[in-house]
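Contents: one structure, followed by commentary.
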Amino acid sequence: MEDYILEVVYSMQWSLAISNSEQLNDEEVMLPGYLKQSSPIISAAMDTVWAVLTINQWDSLISKSCERSMEFGELWAMTLKCLIEKFKKYEAGQELKVIHICKTDRFDILTEESVGTLKVLIPYLQQNDISMILDIHTAKLITSPQENITEIHGCLGALCVIHTCLLSLTKVTEVAILEAISDWKDFDIFLFSRKVEDVGCKVLFLNVEVIRFLSVTVQKIPRSLSAQTWDFILCSLVEWIQSITDSITDEGNSIYFKVFCAEISNLIHAIVTLLEDENASKAALISPDLISEWKEFFSPGIFTAFLPLFFKFTNSLDQNLISVSDHLLLQSVCRAACCAPCELLQQVELKPRLVPSCTIPDVLQTVMNHLMGMLQSKVRPIQLAAYKILAKLMSLLPEYDKGRSDVANTDETGETNVPLPEMLKEAIISSTFYLESVLEDVPVGECITVESGTEVYQTTMTYLLAWRLALIFFKAAPVELRAQYANFFRQSGLVDSLLINLFRLMPIVPLLSDKDAKSPFKGVQPSMFTQEPALEIKGCGSSPIEPQHLACSVYNNTLEDLPAMVRQWWNSQNKRIKEHIDRFTTKFTSPILCAKEIQGVQKSTTKMDNMTIKARSKTREVIATYRMDDMSMDLVIKLAVNHPLGVIVVDSGKRVGVSAAQWRNWMLQMTTFLVHQNGTIVDGLKVWKSNIDKRFEGTDDCMICYSVIHGSNYSLPQLTCKTCKKKFHSACLYKWFNTSNQSSCPLCRNLF
């Protein structure tokens with residue numbers, strides 16, 4: 001029976017090795033059909049076996065698998081690991097006897113089989129035992145002669161074991177082999193500026209293990225790295241990337257090359273994660289000189305070479321024929337590419353992809369158009385990397401729409417609108433049409449389950465990610481441009497469609513499956529709204545929960561960035577839909593948005609002359625006090641319990657030196673700004689303050705709306721009647737002409 005169980009578990013490990021375990025969706029890569037059907041069935045059947053095994057049977061199974069691992073290695077090491085994990089799950093608290101083999105002399109001379117076995121057993125040892133093994137193999141590496149550096153019984157095997165020990169130790173202070181490794185460069189062992197195919201497997205494997213060791217060292221013990229060691233790591237990284245550039249071919253590369261590229265990408269990610277961590281800098285884990293050298297020299301050198309490789313890898317793959325090794329390579333390369341600084345992303349030289357009359361510079365536009373194509377990829381790492389890189393670039397784009405009247409359109413009400421960047425607009429529109437055809441029969445308030453690996457899943461992710469990018473773009477724009485982008489959203493109907501679709505994608509009860517999840521907002525239950533979706537490129541596969549969580553995030557962002565538009569859409573719905581949306585929003589999102597508004601006021605560092613702002617979290621109130629000379633006035637702004645669906649209430653506080661009529665007018669203006677503006681309370685208060693400032697500076701009110709700043713597009717009165725010399729907002733005057741069917745001045749009635 002035990003031999004039978006071992007063979008079944010072995011076959012399961014073969015299946016998992018082919019499909020890269022749970023980290024990979026079968027639908028994304030070329031896999032035999034029987035793997036998709038048989039593996040889950042066998043796994044479920046074995047769960048019934050584990051539950052009835054006795055302690056003696058467990059000991060016998062694990063002991064036999066350990067012996068086979070020591071003799072044959074490879075998949076038997078994976079079999080041993082599987083059995084130990086099942087033992088820990090079903091026999092929690094029982095002693096794992098097999099680990100005592102680590103204290104014998106059977107590992108004195110390392111082989112491929114014994115290294116594989118040891119790598120499985122080390123994580124289950126006591127910390128002091130792991131430290132002992134680390135010391136033994138550190139000494140072995142330091143004392144090995146030159147001819148044994150690339151041998152498994154020499155430095156190569158010792159380095160594999162040391163790497164596993166470092167991963168398993170919870171506390172490491174120093175590893176004494178860095179100097180020895182850096183000395184190997186004198187033996188021409190490192191793959192520096194050489195083609196991968198020009199060296200043997202042993203040399204390549206040693207380079208891979210060195211890179212893995214450096215990655216874990218950077219992550220776990222950066223404080224122990226001297227300036228000289230950092231120079232070795234960073235200079236080596238530059239040379240290794242050059243080797244990739246020299247080795248890559250259009251016909252495809254070997255699996256050894258892919259492993260080498262993946263580990264270099266992991267090292268890039270580890271280094272950037274550390275050097276950009278403010279906490280690491282504050283804790284003196286890294287020196288200011290190192291950060292300066294990285295930003296000025298190494299980062300430009302590394303990413304200038306690496307980013308073209310990223311685009312070449314992603315563009316050269318046939319997305320319908322992606323192997324497991326391709327997918328693993330993409331995970332690492334895409335994650336590393338997301339670490340590139342924004343200024344270097346704008347300098348990548350790619351085949352031009354330009355849109356006529358686009359205001360964005362050609363190089364940046366080309367990069368973004370390539371990334372927009374990748375955003376629609378069905379390969380998860382490519383799609384998520386495109387999104388994360390585009391998210392960095394979005395905040396740069398509104399700058400190119402400033403003062404560009406040639407990109408603005410005017411509607412029948414006189415309101416001007418500026419469209420989204422063409423490539424982003426097309427991505428949203430095309431995915432909207434597809435998604436609406438899929439969701440048209442789903443009632444609002446019922447959640448559709450989108451299965452991973454399908455075309456619907458890929459398009460849904462594209463749609464939601466594109467909308468996230470649109471909201472990042474919108475939020476980065478100045479107030480005046482934001483109003484024109486909002487007009488585009490309203491006139492195109494895209495936001496209305498988005499909101500309907502979100503209420504078909506969001507779960508009815510959007511709670512997290514993680515029982516240990518905590519909410520960052522006091523008194524708010526943890527949910528998909530309190531925690532952002534992970535969107536991890538590496539080590540996390542797609543699932544039907546992901547688009548649901550992402551839909552919740554997009555809805556939350558839409559409420560935060562486009563409150564007036566959402567409020568207007570909500571008021572236009574029928575009673576059933578309106579009540580459902582109100583209940584859902586009040587329960588899950590309004591408490592979060594109110595808390596964010598209050599926190600935004602309390603943490604605001606913006607200094608506003610003549611005005612102070614305070615907040616009361618318990619009553620959801622914001623108090624603004626404006627002072628000018630001998631005049632002062634208070635405004636009390638109260639958020640609705642279903643904010644932002646409910647209208648914000650503006651009450652009067654104390655006022656000195658302000659007439660009742662003028663006070664009512666200014667309160668009405670404040671209400672108008674808050675009702676119509678798409679932004680935060682602080683944004684609305686800034687516009688209101690600017691309106692009063694302009695009034696005191698002598699700027700005339702518009703004689704139609706009696707405000708200096710227009711309530712929705714924030715423009716000043718600029719059109720002057722030649723007869724009475726009064727000024728008007730262009731939008732107000734346009735509306736007057738349309739509603740009155742006259743072209744006369746609203747005041748003097750002369751032809752305008």
Side-chain angles (χ1 to χ4, degrees), residues 444-445 447 471 495-496 498-500 502-503 506-512 517-532 551-604 613-624 634-653 667-685 688:
V444 173
C447 176
L471 293 171
V495 171
D496 291 2
L498 168 70
L499 292 166
I500 286 290
L502 289 178
F503 275 95
M506 292 187 293
I508 299 172
V509 182
L511 299 181
L512 295 169
K518 295 181 179 179
S519 171
F521 305 100
K522 187 177 180 180
V524 177
Q525 184 180 17
S527 70
M528 292 182 181
F529 290 98
T530 60
Q531 185 172 310
E532 287 292 319
C552 290
S553 176
V554 172
Y555 181 57
N556 198 59
N557 293 339
T558 308
L559 288 170
E560 192 172 355
D561 300 332
L562 298 169
M565 202 167 296
V566 177
R567 190 183 302 118
Q568 185 180 14
W569 167 81
W570 175 66
N571 282 318
S572 68
Q573 301 305 304
N574 63 46
K575 184 178 179 182
R576 183 192 70 82
I577 294 177
K578 192 173 179 181
E579 287 178 351
H580 170 75
I581 294 169
D582 186 33
R583 286 193 304 270
F584 186 89
T585 304
T586 301
K587 183 174 182 179
F588 294 110
T589 63
S590 294
I592 299 169
L593 294 173
C594 288
K596 283 185 176 181
E597 289 281 12
I598 298 300
Q599 288 178 6
V601 172
Q602 293 171 338
K603 296 180 180 179
S604 177
I613 309 174
K614 297 183 294 184
R616 299 170 183 163
S617 55
K618 290 185 179 180
T619 56
R620 305 188 308 279
E621 291 179 340
V622 176
I623 300 96
D634 291 348
L635 281 179
V636 180
I637 302 163
K638 186 163 185 175
L639 305 178
V641 69
N642 62 345
H643 176 74
L645 300 181
V647 176
I648 295 172
V649 177
V650 180
D651 289 331
S652 64
M667 284 186 60
L668 180 60
Q669 289 173 9
M670 181 74 255
T671 302
T672 301
F673 289 140
L674 293 176
V675 168
H676 291 95
Q677 68 105 24
N678 287 290
T680 64
I681 299 294
V682 173
D683 291 335
L685 284 168
W688 179 77

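Residues F503 and V444 come closest through the heavy atom pair CB-CG1, 3.7 Å. The shortest non-hydrogen separation linking K578 to N571 is NZ-OD1, 3.4 Å. Nearest approach of S519 to T530, heavy atoms of both residues: OG-CG2, 3.6 Å. The minimum heavy-atom distance linking R616 with I623 is given by the pair NE-CD1, 3.4 Å. Contact between G445 and I508 at its shortest, heavy atoms only, is O-CG1, 3.5 Å. In terms of heavy atoms, C552 sits closest to P510 at SG-CB, 3.9 Å.
Between the side chain of S590 and the backbone N or O of H643, at least one donor-acceptor pair lies under 3.5 Å. In this structure, R567 contributes its side chain and V647 its backbone to no donor-acceptor pair below 3.5 Å. T671 contributes no side-chain N or O that, together with a main-chain N or O of V650, makes up a donor-acceptor pair within less than 3.5 Å. Between the side chain of Q531 and the backbone N or O of P526, no donor-acceptor pair lies under 3.5 Å. Judged by distance alone, the side chain of R620 and the main-chain N or O of L639 form a donor-acceptor pair under 3.5 Å.
Taken to the nearest 0.5 Å, the CD atom of E560 stands 9.5 Å off from the CG atom of L471. From S617, atom OG reaches atom CD of Q602 across 6.0 Å, with rounding to the nearest 0.5 Å. Note that the OG1 atom of T558 and the CH2 atom of W569 stand 10.5 Å from one another [nearest 0.5 Å]. The OG1 atom of T585 sits 8.0 Å away from atom NE2 of H580, with the distance rounded to the nearest 0.5 Å. The CD atom of Q599 lies 11.0 Å from the CD1 atom of I592; values are rounded to the nearest 0.5 Å. Remark: L502 CG to I581 CD1 distance equals 10.0 Å, nearest 0.5 Å.
With a 4.5 Å cut-off on side-chain heavy atoms, T680 and D683 count as touching. In this structure, the side chains of L499 and Y555 come closer than 4.5 Å at one or more pairs of heavy atoms. Inter-residue side-chain proximity for I637 and E621 is flagged as unmet; no heavy-atom pair is nearer than 4.5 Å. Residues L685 and V622 are in side-chain contact: their nearest non-hydrogen atoms beyond the backbone lie under 4.5 Å apart. Two residues are said to be in side-chain contact when any heavy atoms from C-beta on lie closer than 4.5 Å; D561 and N678 fail this criterion.
The environment of Q573 atom CD is dense: over 12 non-hydrogen atoms of other residues, nucleotides or ligands sit within 6.0 angstrom.
Side-chain contact, N556 with S553: no donor N or O sits under 3.5 Å from an acceptor N or O.
Between F529 and F521, the distance from one ring center to the other does not fall under 6.0 angstrom.
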Between L498 and V554, is a side chain to side chain contact (heavy atoms under 4.5 Å, CB included) present by the stated rule, with each step listed?
-> CA-CA 9 Å; L498 168 70; V554 172; 4.2 Å; yes
Criterion side chain to side chain contact (heavy atoms under 4.5 Å, CB included) on M528 and L512, from CA distance to verdict = CA-CA 6 Å; M528 292 182 181; L512 295 169; 4.1 Å; yes
Report the C-alpha separation of K638 and D651 in whole Å, then their side-chain angles, then the decisive distance to 0.1 Å, and conclude whether the side chain to side chain contact (heavy atoms under 4.5 Å, CB included) test is met.
-> CA-CA 8 Å; K638 186 163 185 175; D651 289 331; 5.5 Å; no
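For the side chain to side chain contact (heavy atoms under 4.5 Å, CB included) test with D582, the passing option among V641, N642, I577 is N642; the others fail.
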